Trainee: 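Quick one: the structure is below, and I'll ask about it shortly.
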Amino acid sequence: MNKITIIGSGSVGATMAYTLTLTGVATEIVMIDINNEKALGEALDIRQGVPFCSPCTIYAGDYKDAVDSDIVIITSGVARKAGQSRLELAQVNVNILKSITDQIVRYAPDATYIIVSNPVDVLTYTFCKYSGLPEQKIIGSGTILDTARLRARIAEFYSVNQHNVHAYVLGEHGDSSFVPWSLANISNVPVEDYGRSLTMHSDLPEFNKAEVEDYMRKSGGRVIQRKGATFYAVSMSVCHLCKCLLAGIDTTLTVSTMLHGEYGIDNVCLSLLTVVGRHGAHGKVNLPLNDAEIAALHNSADCLKNVIKQIQL
C-alpha cells in the first residue's frame with residue numbers, strides 16, 4: 001500500500017495524479033488544493049478511469065487526510081508573470097510554501113516530501129529550514145527533468161535508445177545549471193566520440209555540445225510558448241522519482257538536496273547525483289568533476305545563495 005498526497009491540483013498536480021494512477025505507483029492518492037472544487041473535479045475524472053488501471057483510491061481532501069502518507073508532493077505556487085522578476089516570484093512562492101508547511105507537516109511528519117514548485121532549489125532550501133523534518137526526507141525535483149531533456153536530445157541525435165545515454169545536468173534548476181561533459185557517455189563511449197565509434201556507415205554531423213545544451217535550457221520555454229505550460233514531462237519525471245523512493249533498491253538521480261561541504265559547498269540546495277530509496281535521499285555520489293565543472297557548480301551555488309540572501313525566510 002503506497003499513499004501519496006499531492007498539494008496543488010493545477011496542470012502539474014493533476015497530471016501527476018493521473019500518471020501515478022496510470023502507472024500503478026500509488027494505491028491511494030489524496031489531492032489537496034485551495035480550490036477544493038478543482039481538486040474534486042480532477043479526482044473524480046481520474047477515478048472514473050481506474051477500472052482500466054491497477055486498483056487505486058483517489059479523492060480530494062484536506063490536510064488531515066494526508067495522515068500516513070508515504071510521499072507528499074508539493075506543486076503549489078504561482079507561475080512567473082510578465083515583468084515579474086525571478087526574486088519577486090521566489091518570495092511569493094516561499095510565502096505560499098511556508099503557509100502549506102505549517103499545516104501538512106502536522107499530519108504527515110513521517111512522509112518523504114518532494115518539492116516541485118519553482119524556484120525549486122530555493123523552495124527546497126526553505127522547506128529544509130522551516131519544516132523541522134530530517135533533510136534526507138526533503139527532495140527537490142531539481143534537474144531530473146533537465147537531465148531527461150539532455151538525454152532525450154543526445155539519443156535523438158544518434159538515433160539510439162535513451163537508456164543507453166548516461167549524462168547529467170547538475171546545479172540549479174535554472175540558468176546556472178551545467179552539463180559535466182567529461183562524464184557524458186553512450187554505452188561507456190564519450191558522447192562526442194560515439195558517431196565515430198560506429199562500424200555502420202554514418203553521415204552524422206559533428207556532435208555539438210553547445211547546441212545540445214541550448215536545446216536543454218530552452219525546451220521548457222518552447223513548450224510554454226507553444227501550449228502555455230509544461231506538465232507531461234515533469235509529471236513523468238516525478239512519478240519516476242516516487243517509484244524509486246518506494247522501491248526496495250536504491251537509485252541515483254539528479255535531485256536537489258541540502259549540501260554540507262560537497263565540493264566545498266555548504267548551506268544551499270542544488271542538484272548533484274544523489275542516492276534515493278526507501279530512506280529518502282540518503283547519500284550523494286562524488287562524481288569526478290574536472291576543475292571547470294567544479295567552478296560551474298560553485299557558480300550555480302553562488303547564484304542560488306544570492307537569491308536566498310534577498311528573500312525573507
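Since the structure is predicted, the reported quantities are computational estimates derived from the model, not experimental observations. Side chains are part of it too, since the values below use all heavy atoms of this structure and drop only hydrogens, waters and symmetry mates.
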Trainee: Rounded to the nearest 0.5 Å, what separation is found between the OG1 atom of T101 and the CD1 atom of I104?
Mentor: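 The OG1 atom of T101 sits 9.5 Å away from the CD1 atom of I104.
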Trainee: If every non-hydrogen atom of G61 is compared with every non-hydrogen atom of N36, which pair is closest and at what distance?
Mentor: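 Between these two residues, the closest heavy atoms are O-OD1, 4.3 Å.
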Trainee: Can you get from V169 to I144 by hopping between Ile, Leu, Val, Met, Phe, Trp and Tyr side chains that sit under 4.5 Å apart?
Mentor: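 Result: no, two separate clusters.
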Trainee: With a 4.0 Å cut-off, would you call D193 and R196 a salt bridge?
Mentor: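 Result for this pair is yes, salt bridge flagged.
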Trainee: Measure the CG-NZ distance between D121 and K305 for me, rounded to the nearest 0.5 Å.
Mentor: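 Here the interatomic distance stands at 13.0 Å.
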Trainee: Provide the closest heavy-atom pair for L273 versus L170 in the form atom of the first, atom of the second, distance.
Mentor: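 Smallest heavy-atom distance, with atoms named: N-CD2, 4.1 Å.
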Trainee: Out of curiosity, Y168 OH to E293 CD, how far, rounded to the nearest 0.5 Å?
Mentor: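 It is 12.5 Å, given to the nearest 0.5 Å.
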Trainee: Are I311 and Y125 connected into the same hydrophobic cluster when the rule is that any two of I, L, V, M, F, W, Y join if their side-chain heavy atoms are below 4.5 Å apart?
Mentor: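 Yes, one cluster joins them.
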Trainee: If two hydrophobic side chains count as joined below 4.5 Å and joins carry through other members, does V285 share a cluster with Y263?
Mentor: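 Looking at the clustering, Y263 is in the same group as V285.
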Trainee: If we only count heavy atoms from C-beta on, is the H240 to L253 side-chain gap below 4.5 Å?
Mentor: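 Sidechains of L253 and H240: in contact.
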Trainee: Indicate whether any N or O donor in one side chain lies under 3.5 Å from an N or O acceptor in the other, for H166 and N188.
Mentor: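 No pair is found: no donor N or O on one side chain lies under 3.5 Å from an acceptor on the other.
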Trainee: Dump the intermediate steps for side chain to side chain donor-acceptor pair (under 3.5 Å) on T257 and K284, then the final yes or no.
Mentor: CA-CA 9 Å; T257 58; K284 295 182 178 67; 3.2 Å; yes
Trainee: Scan side-chain atoms only and decide if T147 and T254 contain a donor-acceptor pair under the 3.5 Å cut-off.
Mentor: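 Yes - a donor-acceptor pair under 3.5 Å links their side chains.
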Trainee: More than 12 heavy atoms of other residues, nucleotides or ligands under 6.0 Å from NE2 of H260: is that the case?
Mentor: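 For H260, atom NE2 is crowded (more than 12 foreign heavy atoms under 6.0 Å).
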Trainee: Would K98 and D102 pass as an ion pair if we require N to O under 4.0 Å?
Mentor: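 Salt bridge between K98 and D102, a charged N being under 4.0 Å from a carboxylate O: no.
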Trainee: Do the side chains of V189 and N185 get nearer than 4.5 Å, heavy atoms only?
Mentor: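 Result no, sub-4.5 Å side-chain heavy-atom pair not found.
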Trainee: According to a 4.5 Å side-chain heavy-atom criterion applied to Ile, Leu, Val, Met, Phe, Trp and Tyr, with indirect links allowed, do V234 and V25 form part of one hydrophobic cluster?
Mentor: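 Same cluster.
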Trainee: Answer yes if the side chains of N267 and K129 hold a donor-acceptor pair under 3.5 Å, and no otherwise.
Mentor: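 Their side chains do contain a donor-acceptor pair, which is all the 3.5 Å distance test asks for.
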Trainee: E192 vs W181, test: side chain to side chain donor-acceptor pair (under 3.5 Å). Steps then yes/no.
Mentor: CA-CA 9 Å; E192 64 270 26; W181 286 108; over 6 Å; no
Trainee: Can you classify the ring geometry of Y158 versus F207 as parallel (below 30°), tilted (30 to 60°) or perpendicular (above 60°)?
Mentor: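 Rings of Y158 and F207: parallel, as their planes differ by under 30°.
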Trainee: Taking 4.0 angstrom as the limit, do K38 and E42 come out as a salt bridge?
Mentor: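 Answer for the salt bridge query: yes.
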Trainee: I6, F127: one ILVMFWY side-chain cluster at the under-4.5 Å cut-off?
Mentor: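 No, because I6 and F127 fall into different hydrophobic clusters, even though each may have its own neighbours under 4.5 Å.
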